[in-house]
Amino acid sequence: MISTVKTREIYKFLRNMLQVNEIRENKEVFIQALTKRGLDVRTEFEAVLKADEDRRGTQAQLDDTLSQSNKFSKEIGMLFKQGEVQKANELKQKSVELKETSKVLQEQLNQATERLQQLLYDLPNIPHESVPAGTDENDNEEVFLEGEIPALGDEALPHWELAKKYDIIDFELGVKVTGAGFPVYKGKGAKLQRALITYFLDKNTEAGYTEYQVPLMVNEASGFGTGQLPDKEGQMYHVTADDMYLIPTAEVPVTNLFRGNLLMHNELPITCTGYTPCFRREAGSYGAHVRGLNRLHQFDKVEIVRIEHPDNSYTALEDMVEHVKGILRDLKLPYRILRLCGGDLGFTSALTYDFEVFSTAQDRWLEISSVSNFESFQANRLKLRFKETDGRNQLVHTLNGSALALPRVLAGILENYQTPEGIKIPEVLVPYCGFDMIS
RNA sequence: GGAGAAAUGGCAGAGUGGUCGAAUGCGGCAGUCUUGAAAACUGUUGAGGGUCACACCUCCGGGGGUUCGAAUCCCUCUUUCUCCGCCA
């Protein structure tokens, strides 16, 4: 867990991470919305409001004490100038007493603030109104379906067997070098993967996203900023010697590029893309569902991130969805889009669309992209704001999505494009690969 | 890794114990002028907490200390820059 000293700093940094005022004003609406996640936060909200009241009360007392103390100090200064040393010394004594009082109050205030923060950061984001209620992936709502599922017949092989047959991915070698979940790509497999990365980046930059290359390890503050910490601490690899985390997605370093910024309104929107390997511990997953490329500890992903004016964030979300659709159409892969239900929605997200490609040989859908609007949830933690035209500072909305995650796209291509002669390369990728068949 | 310097508002950059939340410039906003724009001129402009609104409190890289009083003095951490060394 987090060391005590650091916790203090983080709390300070994250102050007011979910605005208490909003909870006060929209209490019932929020409580209602959170039932979609299967949560009853009534008692939590009461505790928040109570803690906030405590905090404000203590702050008021402290302010009064400090105010008095400041006045004395000024008077003392004046008295010394006028040569009234005795009077000054009397005041000094009083001032010392006030200082004692303020020390105690300060400590109380720190505690009250920590208590409030603790309560606040345990609360997940408020689901958007379109989010269906539900408990797990079975309640997700299919909103779009496109593409043709090829008829391959019984002899169709799952991708891990194709990988072996054509010697393009070696899972055992990865086990030797590192462990399960760290595959080695080889020959045309490696080339195809590199082609996909380049192709995705080109698509994204053509659509106006600025390409970034970012660090693959992040510090604690970044983890908090995008919401991976403390909620998902166990899912990230932690380099304890230097107290850094291997990134689980480019979202973390890319979004944190803007942490703490006060942007001008005309700087919005900011759109970024970046390719990174991603590292996930994914503890506790076993069985056929994690075979081959289905679930890995290290995988490649090209991410898109947007920082938007709150009024535009849902338009932006639709725009991102259309963008990802375009890529899948290019690749001619059958896919569907799901609107995640409350129970399946990530802690930090207000609305998420999952893209799934149909994996023909496995006869199942594989998630290859997740596009989310976090509204002001991350911005609040990141202290990422912009100056409105009226001069007021407001939190931005952040969004991100995969465009795309590599392994399952690769799995989808291998399985859907398999022929008796070998694996055909999707037309758009041929120029990037330099070959049109893996055989 | 060794030696030195530095960290101030959106940016640049003054300020070394008491009316400093902080000069000045740029940028932003509003206005004058203009057919419109630019330029020029005038005004305005840090953030957080708190309040119905004031008052008031906090913040000059982070943390701690000295003092009645700290941007200013001390300790410590972090970061940046310059020079040297090492290195893909």
Side-chain angles (χ1 to χ4, degrees), chain A residues 2-25 48-49 51-117 120 213 215-216 218-222 224 242-244 256-268 270 307 376 379-396:
Chain A
I2 319 140
S3 64
T4 326
V5 182
K6 282 217 156 173
T7 312
R8 269 293 263 298
E9 289 171 33
I10 289 158
Y11 279 137
K12 187 171 180 189
F13 177 67
L14 297 176
R15 175 161 300 163
N16 198 28
M17 51 183 274
L18 207 168
Q19 291 124 340
V20 185
N21 290 346
E22 298 217 351
I23 290 188
R24 197 164 19 200
E25 282 162 30
V48 165
L49 295 181
D52 181 47
E53 234 171 79
D54 283 354
R55 201 202 97 251
R56 294 208 315 271
T58 312
Q59 170 115 46
Q61 284 182 51
L62 175 63
D63 284 358
D64 285 347
T65 313
L66 289 174
S67 173
Q68 190 59 248
S69 173
N70 288 343
K71 267 183 205 151
F72 283 173
S73 290
K74 278 181 187 165
E75 277 181 47
I76 290 167
M78 302 268 267
L79 289 171
F80 271 127
K81 267 182 194 163
Q82 294 163 7
E84 309 220 35
V85 180
Q86 199 186 334
K87 275 191 184 172
N89 283 332
E90 281 171 31
L91 272 185
K92 265 195 194 179
Q93 185 51 38
K94 283 190 187 170
S95 195
V96 170
E97 286 165 23
L98 281 174
K99 202 181 173 184
E100 289 305 312
T101 315
S102 68
K103 251 188 182 162
V104 175
L105 284 169
Q106 182 66 57
E107 189 45 43
Q108 282 178 21
L109 179 63
N110 290 348
Q111 285 175 14
T113 307
E114 276 192 32
R115 208 159 42 234
L116 179 62
Q117 291 307 334
L120 283 175
Q213 280 190 20
L216 305 182
V218 294
N219 56 31
E220 209 168 14
S222 293
F224 272 87
D242 298 287
D243 201 15
M244 296 196 278
N256 273 283
L257 294 174
F258 305 94
R259 168 151 50 89
N261 285 11
L262 180 60
L263 302 163
M264 291 299 146
H265 57 86
N266 57 13
E267 291 181 77
L268 297 175
I270 294 173
I307 295 168
S376 60
N380 209 346
R381 295 180 165 216
L382 292 159
K383 287 277 184 205
L384 173 48
R385 297 162 303 166
F386 71 102
K387 202 173 264 298
E388 246 307 9
T389 41
D390 64 7
R392 293 174 55 85
N393 296 329
Q394 244 193 91
L395 292 169
V396 300

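Letters A, B, ... are given to chains in the order of the sequence lines, protein chains preceding strands, and every chain is numbered from 1.
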Peer 1: Using whole Å, what does the distance between atom P of nucleotide B:C59 and atom NZ of A:Lys383 come to?
Peer 2: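 Roughly 16 Å, once rounded to whole Å.
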
Peer 1: Suppose we define a pair by two distances each less than 3.5 Å, Watson-Crick or G-U wobble; what does B:U80 pair with here?
Peer 2: B:A5

Peer 1: For A:Ser73, answer base if it contacts any base atom (sugar-phosphate contacts may also be present), sugar-phosphate if it contacts only those atoms, and nothing otherwise; contact means non-hydrogen atoms under 4.0 Å.
Peer 2: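 The answer is base, as A:Ser73 lies within the cut-off (heavy atoms under 4.0 Å) of a base atom.
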
Peer 1: Tell me which nucleotide, if any, is Watson-Crick or G-U wobble paired with B:A39 when both distances must be under 3.5 Å.
Peer 2: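 Partner of B:A39: none found under 3.5 Å.
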
Peer 1: Can you check whether A:Lys71 has a side-chain N or O nearer than 4.0 Å to OP1 or OP2 of B:C56?
Peer 2: no

Peer 1: Hey, is the main chain of A:Phe224 close enough, under 3.5 Å, to the side chain of A:Arg381 for a donor-acceptor pair?
Peer 2: yes

Peer 1: Between A:Leu62 and A:Arg55, name the one whose nearest nucleotide on RNA chain B is closer to the 5' end.
Peer 2: A:Arg55

Peer 1: To the nearest Å, how far apart are A:Gln117 CD and B:G48 P?
Peer 2: 15 Å

Peer 1: Across all strands, who's sitting opposite B:G85 as a Watson-Crick or G-U wobble pair, both distances under 3.5 Å?
Peer 2: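 Its partner is none (no Watson-Crick or G-U wobble pair with both distances under 3.5 Å).
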
Peer 1: How close do A:Phe258 and A:Leu384 get, heavy atom to heavy atom, and via which atoms?
Peer 2: O-CD1, 3.3 Å

Peer 1: Are A:Arg385 and B:G10 close enough that a side-chain N or O sits under 4.0 Å from OP1 or OP2?
Peer 2: no

Peer 1: Looking at A:Asp63, is its backbone amide N or carbonyl O close enough to the side chain of A:Ser67 to form a donor-acceptor pair, meaning the two atoms are under 3.5 Å apart?
Peer 2: no

Peer 1: If you look at every strand shown and take non-hydrogen atoms under 4.0 Å, does A:Lys387 touch a base, only sugar-phosphate, or nothing?
Peer 2: sugar-phosphate

Peer 1: For A:Ile76 and B:G17, give me the distance from atom CD1 to atom P, rounded to whole Å.
Peer 2: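 Going from CD1 in A:Ile76 over to P in B:G17 covers 19 Å.
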
Peer 1: Using the P atom on both, measure B:U45 against B:U24 and round to a whole Å.
Peer 2: 12 Å

Peer 1: Can you tell me how far P of B:U67 sits from CZ of A:Phe80, to the nearest Å?
Peer 2: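 In whole Å, B:U67 P lies 14 Å from A:Phe80 CZ.
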
Peer 1: For B:G46, which nucleotide in any strand shown is its Watson-Crick or wobble partner with both distances under 3.5 Å?
Peer 2: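 Its partner is B:C59.
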
Peer 1: Nearest-nucleotide wise, let me know which of A:Phe72 and A:Met78 is further upstream toward the 5' end of RNA chain B.
Peer 2: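 Comparing both residues, the 5'-ward one is A:Met78.
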
Peer 1: Under 4.0 Å between any heavy atoms, over every strand shown, what does A:Leu91 touch: base, sugar-phosphate, or nothing? Just pick one.
Peer 2: nothing

Peer 1: Take atom P in B:A12 and the same atom in B:A7, then report the distance between them in whole Å.
Peer 2: 13 Å

Peer 1: Provide, to the nearest angstrom, the distance between the CG atom belonging to A:Asn261 and the C1' atom belonging to B:G28.
Peer 2: 17 Å

Peer 1: Indicate whether any N or O donor in one side chain lies under 3.5 Å from an N or O acceptor in the other, for A:Gln106 and A:Asn110.
Peer 2: yes

Peer 1: Using the C1' atoms only, state how far B:G13 lies from B:U19, rounded to an integer number of Å.
Peer 2: 24 Å

Peer 1: Could you tell me whether the phosphate oxygens of B:C56, OP1 or OP2, come under 4.0 Å of any side-chain nitrogen or oxygen in A:Arg56?
Peer 2: no

Peer 1: Is there a Watson-Crick or G-U wobble partner for B:C11 with both distances under 3.5 Å, and if so, which one is it?
Peer 2: B:G25

Peer 1: Rounded off to whole Å, could you give me the CG-to-P distance for the A:Asn110 and B:G49 pair?
Peer 2: 17 Å

Peer 1: Suppose we define a pair by two distances each less than 3.5 Å, Watson-Crick or G-U wobble; what does B:C20 pair with here?
Peer 2: none

Peer 1: Counting any heavy atom closer than 4.0 Å, what does A:Asn393 reach on the DNA or RNA strands: base, sugar-phosphate only, or nothing?
Peer 2: sugar-phosphate

Peer 1: Rounded to whole Å, how long is the line connecting atom CD of A:Gln394 with atom P of B:G10?
Peer 2: 18 Å

Peer 1: Between B:C87 and B:G17, how far apart are the two C1' atoms, rounded to whole Å?
Peer 2: 47 Å

Peer 1: Tell me what A:Asn70 touches on the nucleic acid: a base, only sugar-phosphate, or nothing, going by heavy atoms under 4.0 Å.
Peer 2: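 Sugar-phosphate contact only.
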
Peer 1: Atom CZ of A:Arg259 and atom C1' of B:U79: how far apart are they, to the nearest Å?
Peer 2: 13 Å

